[in-house]
Amino acid sequence: MNEAHHISTEPNLDAVFAALADPTRRAILSRLVDGQASVNEIAEPFEMSQPAISKHLKVLERAGLVERDVEEQRRPARLKADNMAAAVDWLEEFKQFWEVSFNQLDDVLTQMKLSQKKDTE
């Protein structure tokens, strides 16, 4: 029962990584690092329609990476970093694995070089 509760409170990492897989959505997130922006402001540098940008924003919203406010007729989007931080935390678990693996590889390569030096002497 505790496991089910744990799962329900976790961000949907599948949605986060799926949202981050698209270069347009990553560019939108990069733009929002500078502060909130309207759909028109976000769409400016892209060669795509405002509705297409809105679709990308909806994917980012569902992933919990973007929030949109209602300010009169504007609906500015802003970066919401909580779920991205959860994705980074998940990836961080693998960082130690890769560091250990690379250190082991370095040790093997160093031993091979030492062995080759001895063979040539």
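On a predicted model such as this, the values are computed, not experimentally measured, just so you know.
A continuous path of hydrophobic side-chain contacts links Trp90 to Phe97 [ILVMFWY only; heavy atoms under 4.5 Å]. Both Ile28 and Val33 belong to a common hydrophobic cluster when Ile, Leu, Val, Met, Phe, Trp and Tyr are linked at side-chain heavy-atom distances under 4.5 angstrom. Linking Ile, Leu, Val, Met, Phe, Trp and Tyr residues whenever their side-chain heavy atoms come within less than 4.5 Å places Leu105 and Met112 in a single cluster. Hydrophobic clustering (side-chain heavy atoms under 4.5 Å, transitive across Ile, Leu, Val, Met, Phe, Trp, Tyr) groups Val39 together with Leu29.
Closest heavy-atom contact between Leu32 and Ala77: CD2-O, 3.4 Å. Closest approach of Arg25 to Ala18, counting heavy atoms only: NH2-O, 3.4 Å. Closest heavy-atom contact between Ala63 and Val16: O-CG2, 3.5 Å.
Arg68 places no side-chain N or O within 3.5 Å of a backbone atom of Pro76 that could act as its donor or acceptor partner. Checked by atom type and distance alone, the side chain of Glu41 pairs as donor or acceptor with a backbone atom of Ser38 at under 3.5 Å. With Arg26 contributing its side chain and Leu20 its backbone, the two residues share a donor-acceptor pair below 3.5 Å. In terms of modelled atom types and a separation under 3.5 Å, the side chain of Thr110 and the main chain of Asp106 share a donor-acceptor contact.
Here the straight-line distance linking atom CG of Leu79 with atom CD of Glu67 works out to 9.5 Å at 0.5 Å rounding. With rounding to the nearest 0.5 Å, the separation of CD1 in Ile53 from CG in Leu57 is 7.0 Å. Taking CE of Met84 as the reference point, atom CG of Leu60 lies at 8.0 Å (rounded to 0.5 Å). From Asn83, atom CG reaches atom CZ of Arg62 across 14.0 Å, with rounding to the nearest 0.5 Å. Of the inter-residue distances, the one linking Leu13 atom CG with Asp89 atom CG reads 9.5 Å to the nearest 0.5 angstrom. The CD atom of Glu44 sits 8.5 Å away from the CG atom of Asn40 when rounded to the nearest 0.5 Å.
Applying the 6.0 Å contact sphere to CD of Gln96 captures no more than 12 heavy atoms from other residues, nucleotides or ligands.
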| said: Under the criterion side chain to side chain contact (heavy atoms under 4.5 Å, CB included), I'd like the reasoning laid out for Phe17 against Asn12: C-alpha separation, chi angles, the key distance, then a yes or no. | reply: CA-CA 9 Å; Phe17 285 118; Asn12 184 346; over 6 Å; no
| message | Quick one, Lys80 with Glu61, criterion side chain to side chain contact (heavy atoms under 4.5 Å, CB included). Give me CA distance, side-chain angles, the key distance, then yes/no. | response | CA-CA 9 Å; Lys80 183 180 174 190; Glu61 280 183 277; over 6 Å; no
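Under a 4.0 Å N-O distance rule, the pair Glu92/Lys95 qualifies as a salt bridge.
The aromatic ring centroids of Phe102 and Trp98 lie less than 6.0 Å from each other.
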